[in-house]
Amino acid sequence: GAIKEINVLVQDNKENAIDYHVSLADNPSESNKPIIISETIIDGLSLREIDKNIDFIAVSGVNHMRQAMKYVENNAVELSKRPFIIAMDNDKAGHAASVKWENLLDAHGMIHTRFDYSETEQHDLNDILTTDRDILSKSYESAIKLSKEKTWYNKKTKQLIDSIEK
């Protein structure tokens with residue numbers, strides 16, 4: 001197939017080089033909006049076209065997730081109040097990567113959902129944006145709604161468990 005996108009990381013210091021991008025609010029623990037985990041920075045920025053205020057963590061493809069996962073793990077306490085929407089590509093490699101993210105987030109008790117690709121044949125967020133912006137908006141809203149429902153459910157479950165333990 002044709003080359004669709006090229007990720008270039010320009011870094012002046014190889015020792016401190018990172019292969020992911022973090023775009024979070026100044027005080028990420030104070031927000032209740034989901035954090036998007038995207039497969040590339042262009043996918044994260046594609047969602048920013050729909051919601052200018054999203055927070056996202058973008059890896060540099062499914063083969064470059066280790067450092068981003070370590071970042072989430074190292075900041076688990078600060079990020080644990082936030083739900084995550086895993087928006088890896090809708091293909092075999094993206095599904096495998098999503099499972100790895102789900103395992104990491106589960107290990108830290110973090111709420112997460114997957115991005116809803118059910119309305120499209122496209123495989124990544126940028127493709128959806130360039131072919132049908134309304135579908136990207138609708139799919140994003142669906143993911144946000146599911147994230148809110150899951151957050152509410154987890155809160156109610158925790159309250160019930162706490163009341164039983166008293």
Is there a path of hydrophobic side-chain contacts, each under 4.5 Å between heavy atoms of I/L/V/M/F/W/Y residues, joining Ile36 to Leu45?
yes

Should Ile86 and Glu102 count as side-chain neighbours, where that means a heavy-atom distance under 4.5 Å?
yes

Taking side chain as C-beta onward, heavy atoms only, is Thr40 less than 4.5 Å from Val59?
no

List the steps and the verdict of side chain to side chain donor-acceptor pair (under 3.5 Å) for Asn90 and His95.
CA-CA 7 Å; Asn90 189 26; His95 291 296; 3.1 Å; yes

Side chains of Ser147 and Lys33, heavy atoms from C-beta outward: is any pair under 4.5 Å?
no

List the steps and the verdict of salt bridge (Lys or Arg N to Asp or Glu O under 4.0 Å) for Glu141 and Lys145.
CA-CA 6 Å; Glu141 288 169 15; Lys145 182 177 184 242; over 6 Å; no

Can you tell me how far the CD1 atom of Ile57 sits from the CG atom of Asn75, to the nearest 0.5 Å?
8.0 Å

So, taking the atom named CD in Glu78 and the one named CD in Glu30, what distance separates them when rounded to the nearest 0.5 Å?
9.5 Å

Within the structure provided, determine whether Ile144 and Pro34 are in side-chain contact (heavy-atom separation under 4.5 Å).
yes

Same cluster (ILVMFWY, side-chain, under 4.5 Å), Ile111 and Met88:
no

With heavy-atom distances below 4.5 Å as the criterion, would you say the side chains of Tyr71 and Leu79 are in contact?
yes

Give a yes or no on whether Leu105 and Tyr153 share a hydrophobic cluster (residues Ile, Leu, Val, Met, Phe, Trp, Tyr; joining criterion: side-chain heavy atoms under 4.5 Å apart).
no

Can you tell me how far apart CD1 (Ile35) and CD1 (Ile54) are? Round to the nearest 0.5 Å.
11.0 Å

For the CZ atom of Phe115 and the OH atom of Tyr140, what is their distance to the nearest 0.5 Å?
9.0 Å

Does any part of the side chain of Lys156, heavy atoms only, come nearer than 4.5 Å to the side chain of Gln159, both counted from C-beta?
yes

Do side-chain atoms of Thr120 reach the backbone of Tyr117 as a donor and acceptor pair under 3.5 angstrom?
no

Are any side-chain N or O atoms of Ser139 and backbone N or O atoms of Leu136, one a donor and one an acceptor, separated by less than 3.5 Å?
no

Does the side chain of His112 pick up a donor-acceptor pair with the side chain of Asp106 at under 3.5 Å?
yes

Count I, L, V, M, F, W, Y as connected when their side-chain heavy atoms are under 4.5 Å apart, and connections chain through other members. Are Tyr20 and Met69 then in the same cluster?
yes

Distance-minimising heavy-atom pair for Val22 and Leu24:
CG1-CG, 3.4 Å

Heavy-atom donor-acceptor pair, Asp91 side chain to Gly94 backbone, under 3.5 Å
yes

For the OG atom of Ser23 and the CZ atom of Arg48, what is their distance to the nearest 0.5 Å?
3.5 Å

Counting only heavy atoms not in Lys138, do more than 12 sit closer than 6.0 Å to its NZ atom?
no

Who pairs with Glu121 by side chain to side chain contact (heavy atoms under 4.5 Å, CB included), at least two apart in sequence or on another chain?
none

Going by distance alone, is a donor N or O of one side chain under 3.5 Å from an acceptor N or O of the other, for Ser38 and Asp43?
no

Are Val72 and Leu104 close enough that some pair of their side-chain heavy atoms sits under 4.5 Å apart?
yes

Ion pair Asp55/Arg82, N-O distance below 4.0 Å
yes

Restricting to non-hydrogen atoms, name the atom on Ser98 and the atom on Arg114 that form the minimum distance, rounded to 0.1 Å.
CB-CZ, 3.4 Å

For the residue pair Trp101 and Met65, establish whether any side-chain heavy-atom pair is separated by less than 4.5 Å.
yes

Nearest 0.5 angstrom please: Thr131 OG1 to Asn126 CG, how far?
9.0 Å

Testing Ile128, Leu125, Leu129 one by one against Leu47 for a side-chain contact (heavy atoms from CB on, under 4.5 Å), which residue passes?
Leu125

Short question: side chain of Gln67, backbone of Asp19 - any donor-acceptor pair under 3.5 Å?
yes

Take Gln122 and Ile135 through the side-chain contact (heavy atoms from CB on, under 4.5 Å) test and state the conclusion after the steps.
CA-CA 10 Å; Gln122 301 301 324; Ile135 287 181; over 6 Å; no

Hey, any chance Met110 and Val99 share a hydrophobic cluster, counting ILVMFWY side chains that come within less than 4.5 Å of each other, even indirectly?
no

Does Asn154 form a side-chain contact (heavy atoms from CB on, under 4.5 Å) with Lys158? I'd like the steps, not just the answer.
CA-CA 6 Å; Asn154 279 17; Lys158 184 175 177 358; over 6 Å; no

